Amino acid sequence: RHVIAPSADTATRLQQHFNELDVQVQPHAPPIVATPLPPRVAHRKVVRVALIGAIGEHKGYKVLLRCARDARARRLPIEFVVIGYTANDAPLVATGKVFITGRYGDGEAPHLIRREEPDVAWLPSVWPETWCYTLDYALAAGLPVVAFDLGAIAERLRAAGGGTLLPLELKPRQINDRLLQLAEFSRLPDLMEVRSVQLQLPPLRNDAKMT
């Protein structure tokens with residue numbers, strides 16, 4: 001009697017195949033009001049990027065591996081911490097740029113995020129998510145969030161009025177450069193200064209888009 005989708009993006013994709021279908025949008029949960037943590041003054045020389053959940057191929061495993069290898073090749077001051085597990089941990093760990101906490105139980109993710117103290121959260125899904133519960137954890141932690149511009153993740157970040165959306169076709173080098181740049185802003189000691197600096201960013205051309 002009813003067809004329900006958790007996001008407008010999902011409803012639109014269904015209607016592309018069944019154009020007579022009346023799809024009602026009903027989010028899985030109410031919007032999360034992010035309460036940003038006070039910006040952290042840099043206390044380490046390496047930027048920490050958190051990926052949350054089970055990172056399989058559709059969740060951006062190959063993108064993460066390429067970024068980790070680029071970070072190693074260029075000796076970038078960046079490391080990736082997977083709060084969860086991946087499709088194949090060994091190649092990631094072998095780069096020396098990825099740390100993996102392992103599977104977590106219900107309710108453990110917020111504690112692990114606080115413990116690892118990331119500078120930014122990255123959700124590298126390469127398919128259009130229908131909701132993405134791990135985004136809830138990132139938003140609730142008050143972290144700057146980076147994702148590709150597709151699916152429910154992009155829709156929800158726009159609705160939340162924050163986040164950084166990147167084109168899916170970006171190269172690993174460009175992704176790493178953008179992550180480093182954004183993480184540096186999150187470390188500044190004054191929120192108003194962060195906002196001011198963001199407004200002075202050079203044009204992002206075609207390699208990224210701020211929202």
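Since this is a predicted model, take the numbers as computed values, not measurements.
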*Run the numbers on Val81 and Leu51 for side-chain contact (heavy atoms from CB on, under 4.5 Å), then give the verdict.*
CA-CA 6 Å; Val81 54; Leu51 297 88; over 6 Å; no
Contact check, side chains of [X] and [Y], non-hydrogen atoms, under 4.5 Å:
X: Pro124; Y: Phe148; value: yes
X: Val46; Y: Leu76; value: no
X: Asp22; Y: Val3; value: no
X: Pro6; Y: Thr130; value: yes
X: Val23; Y: Ile4; value: no
X: Asn176; Y: Arg74; value: yes
X: Ile153; Y: Leu123; value: yes
X: Leu157; Y: Leu139; value: yes

*Report yes or no: do Asp9 and Thr12 form a side-chain donor-acceptor pair below 3.5 Å?*
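Absent: no donor and acceptor within the cut-off.
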*Residue pairs involving residues 53-77 (criterion ring-ring contact (aromatic ring centres under 6.0 Å, His included); sequence neighbours excluded)*: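 ring-ring contact (aromatic ring centres under 6.0 Å, His included) check on residues 53-77 returns His58-Trp127.
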_Validation row, ring centre Tyr104 to ring centre His111 under 6.0 Å_ =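 Ring centres of His111 and Tyr104 not closer than 6.0 Å.
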*Give the minimum heavy-atom separation between Ala5 and Ala11, together with the two atoms involved.*
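What the structure gives for the nearest pair is CB-N, 3.9 Å.
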_Nearest heavy atoms of Tyr137 and Pro110, plus distance in Å_ =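 Closest pair (atom of Tyr137, atom of Pro110, distance): CE2-CD, 3.9 Å.
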*CD of Gln26: more than 12 outside heavy atoms within 6.0 angstrom?*
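Not buried by this count: 12 neighbours or fewer within 6.0 Å.
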*Anything under 30° is parallel, anything over 60° is perpendicular, the rest tilted; go ahead and classify Phe80 against Trp122.*
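If you compare the ring of Phe80 with that of Trp122, the planes turn out tilted.
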*Nearest-0.5 Å distance that lies between atom OG1 in Thr101 and atom CG in Leu112*: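 Taking OG1 in Thr101 and CG in Leu112, the distance rounds to 5.5 Å.
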_Quick one, Thr86 with Ile100, criterion side-chain contact (heavy atoms from CB on, under 4.5 Å). Give me CA distance, side-chain angles, the key distance, then yes/no._
CA-CA 8 Å; Thr86 76; Ile100 300 168; 4.2 Å; yes
_Looking at Lys97 and Asp70, is any side-chain nitrogen of the basic one under 4.0 Å from a carboxylate oxygen of the acidic one?_
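No, this pair does not count.
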_Going by salt bridge (charged side-chain N to carboxylate O under 4.0 Å, His left out), Glu79 matches just one of Arg72, Lys45, Arg48. Which one?_
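Filter result, single survivor: Arg48.
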_Run Arg173 and Asp177 through salt bridge (Lys or Arg N to Asp or Glu O under 4.0 Å) and show every step you take._
CA-CA 6 Å; Arg173 170 185 289 268; Asp177 289 346; 5.3 Å; no
